[in-house]
Visitor: 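Supplied in structure tokens, the structure appears directly below.
The chains referred to below are lettered A, B, ... by the order of the sequence lines, with proteins before strands, and numbering in each begins at 1. Since the model is a prediction, treat every value here as computed from it, not as a measurement.
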Protein chains: 2
Amino acid sequence: MLTPPKKGQYALRAVYELAKRRGQGPIKISAIAEAQAIPHRFLEVILHQLKGSGLVDAKRGYYGGYALSKPPADITVGDVLRHLQRETPPGQCVACGSQQSCPFVGRCAFSLLWQRVKNAAYEIYDSTTLQDLLDDHAPVEALKTMGAA
Amino acid sequence: MLTPPKKGQYALRAVYELAKRRGQGPIKISAIAEAQAIPHRFLEVILHQLKGSGLVDAKRGYYGGYALSKPPADITVGDVLRHLQRETPPGQCVACGSQQSCPFVGRCAFSLLWQRVKNAAYEIYDSTTLQDLLDDHAPVEALKTMGAA
DNA sequence: ATTTTCCCGACTGATATAGTCAGGATAGAC
DNA sequence: GTCTATCCTGACTATATCAGTCGGGAAAAT
């Protein structure tokens, strides 16, 4: 239900790899694909899409490749995920995705609930930077919500 | 990405309807389906599945129908949702659903993150009872995580 | 000029979800 | 006892989304 889509996972693994190699100049798609076990052609699509958000810069040609446009500490997981899914049109019911008309628009007993879950998720995403992931520990203020498996 | 599946939404709307009519004896599937705009045949499947968890009781025959087996205050959204999706096999990576083998098993930089998001979601689900939904307000201790739309 | 890389849109295939269908079982109405 | 309204049950189909591919084009270095 709330397992992130492959595309998002690939994107995060890719920028994570870029963060790890920051300072080594542009990293080729093929290098990232190999290191993170991502289909090469698919990763092309994903990184290109990410470029549109300004989180990564691309360089073409012989010594081309991708690089983060900001320090890993300034990029959050939320930044990455947000730019992959087209955001839901404002005023639209969170639950009734697509442009289907919700039969309970305005008086839905659950819309608030879905909204809260979504906010809780992005609160975590937005408070986790690539640097946090590199350091292999969760941000301090979020740890208390962890609980057991 | 984290919009709940239709099945779960239908299930919740159905038990919500049952909670609303509690005390009126068994409620027919057709009545629930009409009130909540759920395909009749599909709702049959869903309610039958829910019955397996003991949250609802069914009665057959002329005056048959469904009813909650417990007071609305004793049933949480988490209870309902948990019984709809087969739980992920233990030890399995949260992200790499199905039984696909994760190439980063054990050393995945993100598994902790996914786990935390999942936990945060179920913390909200488990602290929201049907009674809360009937009262049309969120449980107090969860309100602080709401934020803007 | 050629190679190596990213760029870009259209396309295909797999998978999970959403929903249907036909018929059987049970309980009450008559 | 028969009839009807209801839930029960599994197998089935359709659809939408996701995952991934393909072919070719454009910049940058050699």
Side-chain angles (χ1 to χ4, degrees), chain A residues 1-14 18 24-34 36-53 55-67 69 81 84-86 88 95-100 103, chain B residues 1-14 18 24-34 36-53 56-67 69 81 84-86 88 95-100 102-103:
Chain A
M1 169 186 259
L2 33 76
T3 67
K6 275 282 201 313
K7 194 175 181 181
Q9 294 179 51
Y10 287 161
L12 284 171
R13 297 226 295 263
L18 288 181
Q24 303 178 17
I27 311 295
K28 302 187 215 307
I29 287 181
S30 51
I32 304 170
E34 189 181 6
Q36 291 290 332
I38 303 170
H40 178 272
R41 224 56 194 258
F42 195 24
L43 184 55
E44 259 189 22
V45 174
I46 295 169
L47 281 176
H48 174 63
Q49 191 173 346
L50 267 186
K51 202 189 80 148
S53 69
L55 292 172
V56 298
D57 288 323
K59 193 176 182 217
R60 292 202 264 197
Y62 197 90
Y63 285 117
Y66 278 92
S69 60
L81 292 182
L84 286 181
Q85 66 234 356
R86 71 219 171 293
T88 37
C96 313
S98 313
Q99 58 266 47
Q100 288 193 350
Chain B
M1 169 185 257
L2 33 77
T3 69
K6 276 279 200 313
K7 194 175 183 181
Q9 293 179 50
Y10 288 160
L12 285 171
R13 299 226 293 263
L18 288 180
Q24 302 178 17
I27 312 295
K28 301 187 216 307
I29 287 182
S30 51
I32 303 170
E34 190 182 5
Q36 292 288 332
I38 303 171
H40 178 272
R41 227 52 193 257
F42 195 24
L43 184 55
E44 261 189 20
V45 174
I46 295 169
L47 280 176
H48 174 63
Q49 190 173 346
L50 266 187
K51 204 189 78 146
S53 70
V56 298
D57 289 324
K59 191 173 185 222
R60 290 202 263 198
Y62 198 91
Y63 286 117
Y66 277 92
S69 60
L81 291 182
L84 286 181
Q85 66 233 357
R86 67 214 173 298
T88 37
C96 313
S98 314
Q99 57 266 45
Q100 289 194 348
C102 174

Visitor: Return the CD to CG distance between B:Gln24 and B:Leu18, rounded to the nearest 0.5 Å.
Guide: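 If we round to the nearest 0.5 Å, B:Gln24:CD and B:Leu18:CG are 10.5 Å apart.
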Visitor: I need the A:Gln9 CD to A:Leu84 CG distance, nearest 0.5 Å.
Guide: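 CG of A:Leu84 is found 11.5 Å from CD of A:Gln9.
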Visitor: What's the spacing between A:His40 NE2 and A:Lys28 NZ if we round to 0.5 Å?
Guide: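 The NE2 atom of A:His40 sits 10.5 Å away from the NZ atom of A:Lys28.
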Visitor: What's the separation between atom CD1 in B:Ile32 and atom CZ in B:Arg13, rounded to the nearest 0.5 Å?
Guide: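 Rounded to the nearest 0.5 Å, the CD1-CZ separation comes to 12.5 Å.
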Visitor: Hey, what do you get for CG (B:Leu12) to CG (B:Leu81), rounding to the nearest 0.5 Å?
Guide: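 Here the interatomic distance stands at 5.0 Å.
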Visitor: In whole angstroms, how far is the P atom of D:dC8 from the CG atom of B:Asp57?
Guide: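 Taking CG of B:Asp57 and P of D:dC8, I get 10 Å after rounding.
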Visitor: Does the side chain of B:His48 get closer than 4.0 angstrom to OP1 or OP2 of D:dT9 through an N or O atom?
Guide: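 Yes, B:His48 has a side-chain N/O under 4.0 Å of OP1/OP2 on D:dT9.
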Visitor: Base, sugar-phosphate or nothing for B:Ile29? Non-hydrogen atoms, less than 4.0 Å.
Guide: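 Since only primed, P, OP1 and OP2 atoms lie under 4.0 Å of B:Ile29, the category is sugar-phosphate.
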Visitor: Taking the nucleotide of DNA chain D with the closest heavy atom to each, which residue, A:Lys59 or B:Tyr62, is nearer the 5' end?
Guide: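 Of the two residues, B:Tyr62 wins.
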Visitor: Within this structure, what is the CD-to-P distance between A:Gln49 and D:dG20, rounded to whole angstrom?
Guide: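 Taking CD of A:Gln49 and P of D:dG20, I get 15 Å after rounding.
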Visitor: Scan nucleotides 20-23 of chain C against the protein and return all N/O pairs shorter than 3.5 Å with their distances rounded to 0.1 Å.
Guide:
{"residue": "C:dA22", "atom": "N7", "partner": "B:Arg41", "partner atom": "NH2", "Å": "2.7"}
{"residue": "C:dA22", "atom": "N6", "partner": "B:Arg41", "partner atom": "NH2", "Å": "3.2"}

Visitor: Take the protein atom OH of B:Tyr63 and the nucleotide atom C1' of D:dT4, then report the distance between them rounded to whole Å.
Guide: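 Rounded to whole Å, this separation is 12 Å.
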Visitor: Using OP1 and OP2 only, check whether a side-chain N or O of A:Lys28 sits under 4.0 Å from C:dT5.
Guide: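 So the side-chain polar atoms of A:Lys28 do come within 4.0 Å of the phosphate oxygens OP1 or OP2 of C:dT5, strictly under.
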Visitor: Take atom CG of A:Leu43 and atom P of D:dA19, then tell me their distance rounded to the nearest Å.
Guide: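 Roughly 14 Å, once rounded to whole Å.
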Visitor: Specify the separation, in whole Å, of atom CD1 of A:Ile46 and atom P of C:dC6.
Guide: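 Value for this atom pair: 14 Å.
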Visitor: Find the distance B:Leu81:CG to C:dT17:P and express it as a whole number of Å.
Guide: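 Between P of C:dT17 and CG of B:Leu81: 14 Å.
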Visitor: Whole angstroms only, please: what is the CZ-C1' distance between B:Arg60 and D:dT9?
Guide: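 Taking CZ of B:Arg60 and C1' of D:dT9, I get 10 Å after rounding.
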Visitor: A:Leu47 has an atom CG; how far is it from atom C1' of C:dC6, in whole Å?
Guide: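 About 10 Å, once rounded to whole Å.
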Visitor: Run through A:Leu43, A:Val56, A:Ile27 and flag the one making a side-chain contact (heavy atoms from CB on, under 4.5 Å) with A:Tyr66.
Guide: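 Of A:Leu43, A:Val56, A:Ile27, side-chain contact (heavy atoms from CB on, under 4.5 Å) with A:Tyr66 is met by A:Val56 alone.
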Visitor: For C:dC7, take OP1 and OP2 only and decide whether either is under 4.0 Å from a side-chain N or O of A:Tyr66.
Guide: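 Answer is yes, contact under 4.0 Å.
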Visitor: Once you round to the nearest 0.5 Å, how far does CD1 of A:Ile38 lie from CD of A:Glu44?
Guide: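 So the CD1 of A:Ile38 and the CD of A:Glu44 are separated by 12.5 Å.
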